[in-house]
Structures are given as C-alpha cells and as structure tokens.
Amino acid sequence: FYPEMIDALAPTRRSELVVIAPPGVELYASERNGARLERKRENDASGNTILSWVATDLLRPPIESAMPRREEFAPLVDVTTYSDWNAFGRWWWSFIAKEFDSSPELEAKARELTASLEGEREKIAAITRFVGQEIRYNSWPFGTHGYEPFRASTIFERRFGDCKDKSILLRQMLAQIGVEAIPVLIHAEQMRSAEPLEAAMVEQFNHCIAYVTPTAEREGFYLDATADRNPIDYLRPDDQGAPVLHVSAEGSSRHEIPYVPPEENAARHTWRIDLRQDGSARVVFVDESNGEPGVVMRYLYGGQKEAIEDELARAFNEDFGQVRFEQVETSDLEDITRSARLEAAFISPSLGAAQGSGRHLPLAFESLGLDGVAVEDESERIYPVVLDRPYSVVSQVHWSLGDAWRVVRLPEEATIEVPGILRYQLRAALDGPGRVVISRDFELRVRRIALADYASFRAALETIRLTEQRSLFVEKHSTGGGR
C-alpha cells in the first residue's frame, strides 16, 4: 500500500485496493501485515464481487542498514483466482506439457555431448554446460510467452530462449540420458526477504529452473540453465534460500532451496610477496575460490590474456598501485566441470605505508563484505539484519623480507566468534629467517541476524574492524635492534 514509484516508502495518507470479479469467478485473498487494514466484501447489482482494502496513515519506517524489504513489514494483499497451488500447477502444466517434444538433431546432440563420458554427473554437467553456454538467453517479459515456453525442439533449433525455455530444453536433453528433471518456479532475489507463498499466483515468481529428481543412488538437486559459469553443484546465489514450486504431471508441491554452507561459497586467496629494499615487491597471487567468488572469477577472467590483465590491474590498483604483470595463467574457466583457478605474478612499485625507515605492511587484501552493516546502536535497532548468503573469506599472505628488512612487530593474533553466526581468526607467525605468514579466516554462518543476537553481532563486527586495522611493521636492517 506504499507507492510503487519514485519513493517506495513515502508516507501515505490513504491507499486503497479494489478488486472486481464477474459472476462465477471466485477470488482468494491473502494478507500480510494487515492488522490495520480496513476490508470489505460486497456484490453489486450486476452480481460482480467487489473486494476492497484501505490503508491510512502509513508512516515512513525507520531506515536501517541491511534491513528487510518492505514486504516483511508493510501491509500487503495478494489476490488470485486459484484456490491453491495444485490448481495453479494444473493450469501452468496445461501450458507447458505440449512443449516437451524432441527432434533427431536434439537427440543426436545429447549423444554427442555425453558419448565419451561414463558417470551420470559428468553427463549432466556436459548437457547443462551446453544449454547454459550455447543457448543464448533472451527474455520474454510480455505476452503469453511471459509464462508459456516454446517447444524444446524450437529452442534447440533457434539457439536462444528465456529461463523457461532453457529449463524445458534442459529437461528434454537430460531425458535422452535417462535423467528425469521437472520445471521449478522461483523468485530469484538477492538479499532475500521472507516469502510465505500463501497466495497461488504467477506474480510470486520471476524465474524458472529445473529439479533433477532423486534416485536410489543419489539425492535430487537443482540446476539453473541461465547460470552459464556455475558448476552444477553451486546454484546461482539469487536462487538459494528460495521457496519454490515443483510442477509435474502429478501436481505441484512447495519446497525450499537451502543455502550452501560457507565453505562452499568461499573466497580463497594466497599471496606470496617478496618485499624489496626500495619498498617495491614481486607478488604471486593465487585465486582458488569456489561458490559465488569462483563464478565471478570465471566471468571476469575468462577472456583473452590482455583483457585479464586489464581487469586484474583495476582490482589491484588500490592496494598495489600501477602493477606490471610478468605472468597470468588460468584454468579453463568456461569448463564448469573443473575447479576455477587463477595465478598472476606482477611487480608492485610500492607496497605498504612508509613510516620513517620502516613500513606498515597489510595483513590482507580482501574486504570481508560487511562494511556499513550493523551501524545502529542496539538500543535503536528495530529490524533484523538481512544479508545475502553465508560465505567465507580465507587468505594467506606469505611475506619474504630477504636481507633488507626485519620484523619489528608481529600483529596481535585474534579469534572472534558469535556461536552459530560468525567466526573470525587472525594468525601471524615467523616461518624462518625473514619470512612471515599471515593467515586470516572469516566465516558468516547465517544470513539473517535476529534482534536477540544483534548486540553480540554488532560488537563482533566492531572488534573485527579494529583488528583489520592492524599491520605487520618492518624496518630496514641497518637501523639495528628488534626481532
């Protein structure tokens, strides 16, 4: 009942929703946060059913960092003509069942993609890669094709389609290797809000994926054929956590896609840094991330060598200045069956912050991704914290100081934990003459922080921010003393 345009939380003096249905059309309504709504149901002289809801004096809610979307606290009414999700599923199945066709060319392609592969999972990955990378995504936001796919044979022949089309084609190609998959309706969303899916209506969804049904040998799992750089064991992040609708000839059923654990959604970086006497450094960077950081690596660095260097130079500029690359190598980042890996060797003209004859060297080069979160005092916070997904950041920095530098002060180690919510650990150790290893591990285990946990969460973040400001202090050997 807040406005849909310009300012979605503008104070609203009065807002009214009126729904009119002709005789014989039953309406089903579902309310959220509707305690203050005025509602009325009546019939006019023509037999039309008229439902109306009125909201008055809606104030602008307090704006907080990482707060829930307005659907979680603003008055909302969903109105549909479907009595339940089974009725809705039967309607949608009637649109899509006729599109489950095949063609000799489609069947031949499925055989070609899997002929040299033995395991079922490898065959599924090969077909998924083909549909994801060789069938161009093309949205159909208007008309019947907003919810009705084309035939699988047509999609295969044209080599383009939207999410529904890709899911239908994936289903039919997997059928050629004896794997059953069914279409799944979903609302793809980052920073996901709570979605009860109470009203059976197509507007609850904006995306379609596939579910590979379980067998006696394995569990079922989801595939998103629009995610052309995602390994099949890592679903798109805006699919994770979603309540979804499985649709088949037997009917429809609601399920929820879990989030992957933090260790499967990890930025994993290793830095080997040889610090030179003039403050410049030779750096070897290795990225072996998985989950979303791994997918981002595939998108950013899956091109030609010169383009990769340009992209890396932009990423490194703030910490390392204008770098000069010696070597850049990657795995085949388009091959979703292989782990993603990138290695870059480069020269940094100046590293760290000079202080007299010494330097403060950074402990890490990655953001933990929680800047600007939980800035409100616990006495003022009224909403839970909503983050995107569980994740981890794992980094090791191997400093080689040679004969030019000596360690004056190692950073103090730290372990910060809020049980069940997050864990942070910083370790620093000498690793032989002139060598220091800095290890930093961070893990966010949940993506919603309840008000009851807000104070401890906020305190932990503040302690982590202070810890992140520490440095490794070194100075030139000629000054004498120290460790």
(Q) Could you tell me if Arg229 sits above the aromatic ring of Tyr299, with its cationic atom closer than 6.0 Å to the ring centre and no more than 45 degrees from the axis? (A) yes

Q: Decide yes or no on side-chain contact (heavy atoms from CB on, under 4.5 Å) for Val286 and Leu342, but give the supporting numbers first.
A: CA-CA 6 Å; Val286 177; Leu342 178 147; over 6 Å; no

Q) Does a side-chain N-to-carboxylate-O contact under 4.0 Å join Glu417 and Arg423? A) yes

Which donor-acceptor pairs under 3.5 Å do side chains of residues 49-59 form with protein atoms, sequence neighbours excluded?
unit_1: Thr49; atom_1: OG1; unit_2: Asn43; atom_2: ND2; d: 3.2
unit_1: Trp53; atom_1: NE1; unit_2: Glu31; atom_2: OE2; d: 2.9
unit_1: Asp57; atom_1: OD1; unit_2: Arg13; atom_2: NH1; d: 3.0

**Q.** Cation-pi, Tyr259 ring and Arg447 (6.0 angstrom, 45 degrees)
**A.** no

Q. Is there a donor in the side chain of His207 and an acceptor in the side chain of Asp224, or the other way round, less than 3.5 Å apart?
A. yes

Q) Who are the side chain to side chain contact (heavy atoms under 4.5 Å, CB included) partners of Pro258, not counting sequence neighbours? A) none

Q) Looking at Glu366, Gln396, Gln425, which hits side-chain hydrogen bond (donor to acceptor under 3.5 Å, both in side chains) with Arg440? A) Glu366

Q: Kindly state each residue pair satisfying salt bridge (Lys or Arg N to Asp or Glu O under 4.0 Å) with at least one member in residues 41-56, sequence neighbours excluded.
A: Glu26-Arg41

Q: Give a yes or no on whether a salt bridge exists between Glu71 and Arg69, defined as a side-chain N under 4.0 angstrom from a carboxylate O.
A: no

**Q.** Test item: side-chain donor near acceptor, Asp228 and Tyr137, under 3.5 Å
**A.** no

Q) Do Arg159 and Glu134 meet the salt-bridge criterion of a basic N to acidic O distance under 4.0 Å? A) no

Q) Under the side-chain contact (heavy atoms from CB on, under 4.5 Å) criterion, do Ser65 and Glu376 qualify, and how do the steps go? A) CA-CA 8 Å; Ser65 62; Glu376 299 83 11; 3.0 Å; yes

Q) Should Glu120 and Arg218 count as an ion pair when the cut-off is N to O under 4.0 Å? A) yes

